[in-house]
Structure formats: C-alpha cells, structure tokens
Trainee: 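Quick one: structure below, then a few questions.
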Amino acid sequence: MNYWLVKTEPESYSLEDLEAKGEEIWDGVRNYQARNFMEKMNPGDLVFVYHSGKQKSMVGLAEVSSAPFPDPKAKEDEKWLAVHLTYMQHLVNPLPLAAIKASPDLQNLLLLKQSRLSVMSVDPLDAALLLKMTRS
DNA sequence: GCCAACGTTGGC
DNA sequence: GCCAACGTTGGC
C-alpha cells in the first residue's frame, strides 16, 4: 500500500465537500511531479487530506478508489491524470502545519520541502507516525 | 499585504 | 538553450 497527501483550498474544495459527495474525481492537477505521483496510485491507497490557506492543517483521510486515468478536462494532446478519491473520515485530531514543523521526525515530509506541490507521496513510516499523532 | 519558491513564457 | 519577466501558490 502506498500513502499520499493531497492539498486543497477548502474555499474551493473541502474535505466536507468530499464527505458530502462520498466520492470525487480528483482532476485538474497540472504539475508534472504531481502527475508522476498520481501515476503510481492504486485503489486502496491511503490519502491524507490537507487544507491550505487559513486552516493549514491535515484534516482527514481518503482512499484512492480508482486507477489513474486520463484527466477528462485536459486538452487532447496533454497527458494529465485524474483519480477517484473516496471519503474515509475526518481526523480525530487535525494536525496543524505548525505541529508538523515542530516534529523532528516529520522533517522530510515533502509538504515541508515543496510548499507548492499539490499531490505528493508520504513515506510509510511517516504515514504511521501521522496516523498515530492524529489518533485516527 | 508581502514575500519566497517555483513553474511558465517569450525574447534573444 | 539561456534568462528575465511574470503569474501562482501558500505561509507568514
């Protein structure tokens, strides 16, 4: 199983929106590094959902519920990808960015290293620690 | 509101 | 192919 983290601005699309809908197509990603991660997604993979902007906290969990497929919104000659994500839960304890920054064990999270990346992988050990910290 | 990081665009 | 200019993201 692989672990991922997706960022979203709650003002445009929030975890609550995902919860209400149950499953959502995660499209519109227009960054090559992010696409390369999406390419490796498999159904059943766990996805941490992070709210950027005012909240800047990890707020929930979702599950990859499809194989990656061509982004239907992409132009015909472009090879962008989308996946389906299914809502799992809100975290018992949302994890603020400040707490992540303050944790010596989480310093190699791509979230901290590449602030603009919107889809990224999470190391299994980091994922286990995150799950522990959020008691989910 | 500002700025750092970084991706993209276009002139050369 | 380089690089300056510009736009966007996201934290502060």
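Throughout, protein chains are lettered first and strands after them, A, B, ... in sequence-line order, and every chain is numbered starting at 1.
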Trainee: Any side-chain donor paired with an acceptor under 3.5 Å for A:Glu23 and A:Ser65?
Mentor: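 A pair is found: one side chain offers a donor N or O, the other an acceptor, under 3.5 Å apart.
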
Trainee: Whole-Å distance between B:dG7 P and A:Glu78 CD?
Mentor: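 To the nearest whole Å, that distance equals 17 Å.
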
Trainee: Whole-Å distance between B:dC6 P and A:Arg116 CZ?
Mentor: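 Atom-to-atom, A:Arg116 to B:dC6, this comes out as 8 Å.
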
Trainee: Between A:Lys7 and C:dT9, does any side-chain N or O lie under 4.0 Å from OP1 or OP2?
Mentor: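 Checking C:dT9 against A:Lys7, no side-chain N or O comes under 4.0 Å of OP1 or OP2.
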
Trainee: Write down the distance between CD (A:Gln33) and P (C:dT9), rounded to a whole number of angstrom.
Mentor: 17 Å

Trainee: Could you check how far NZ of A:Lys54 sits from P of B:dG1, rounded to whole Å?
Mentor: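 Result: 13 Å.
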
Trainee: Around A:Tyr32, counting heavy atoms of other residues, nucleotides and ligands shown, do more than 12 lie under 6.0 Å from its OH?
Mentor: no

Trainee: What's the NE2-C1' distance between A:His51 and C:dG10, to the nearest Å?
Mentor: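 Going from A:His51 (NE2) to C:dG10 (C1'), I get 15 Å.
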
Trainee: Check this for me, if you would: do A:Asp71 and A:Arg30 make a salt bridge, where the nitrogen-to-carboxylate-oxygen distance has to be below 4.0 angstrom?
Mentor: yes

Trainee: Does one side chain, of A:Gln89 or A:Glu19, offer a donor that lies under 3.5 Å from an acceptor on the other?
Mentor: no

Trainee: Within less than 4.0 Å of OP1 or OP2 of C:dG11, is there a side-chain N or O belonging to A:Tyr50?
Mentor: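 Yes, such a contact exists.
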
Trainee: What contact category does A:Lys101 fall into here, base, sugar-phosphate, or nothing, at under 4.0 angstrom with non-hydrogen atoms?
Mentor: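 Sugar-phosphate: the residue A:Lys101, judged by heavy atoms under 4.0 Å, touches backbone atoms but no base.
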
Trainee: Return the nearest nucleotide to the side chain of A:Leu97; candidates are B:dT8, C:dG7, C:dG11.
Mentor: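 Nearest listed nucleotide: C:dG11.
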
Trainee: Can you measure A:Leu5 atom CG to C:dG10 atom C1' for me and round it to whole angstrom units?
Mentor: 14 Å

Trainee: Round to the nearest Å and state the distance from A:Gln114 atom CD to B:dA4 atom P.
Mentor: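 For the pair A:Gln114 CD and B:dA4 P, the rounded distance is 19 Å.
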
Trainee: Rounded to whole Å, please give me the gap between CE in A:Met120 and C1' in C:dT9.
Mentor: 12 Å

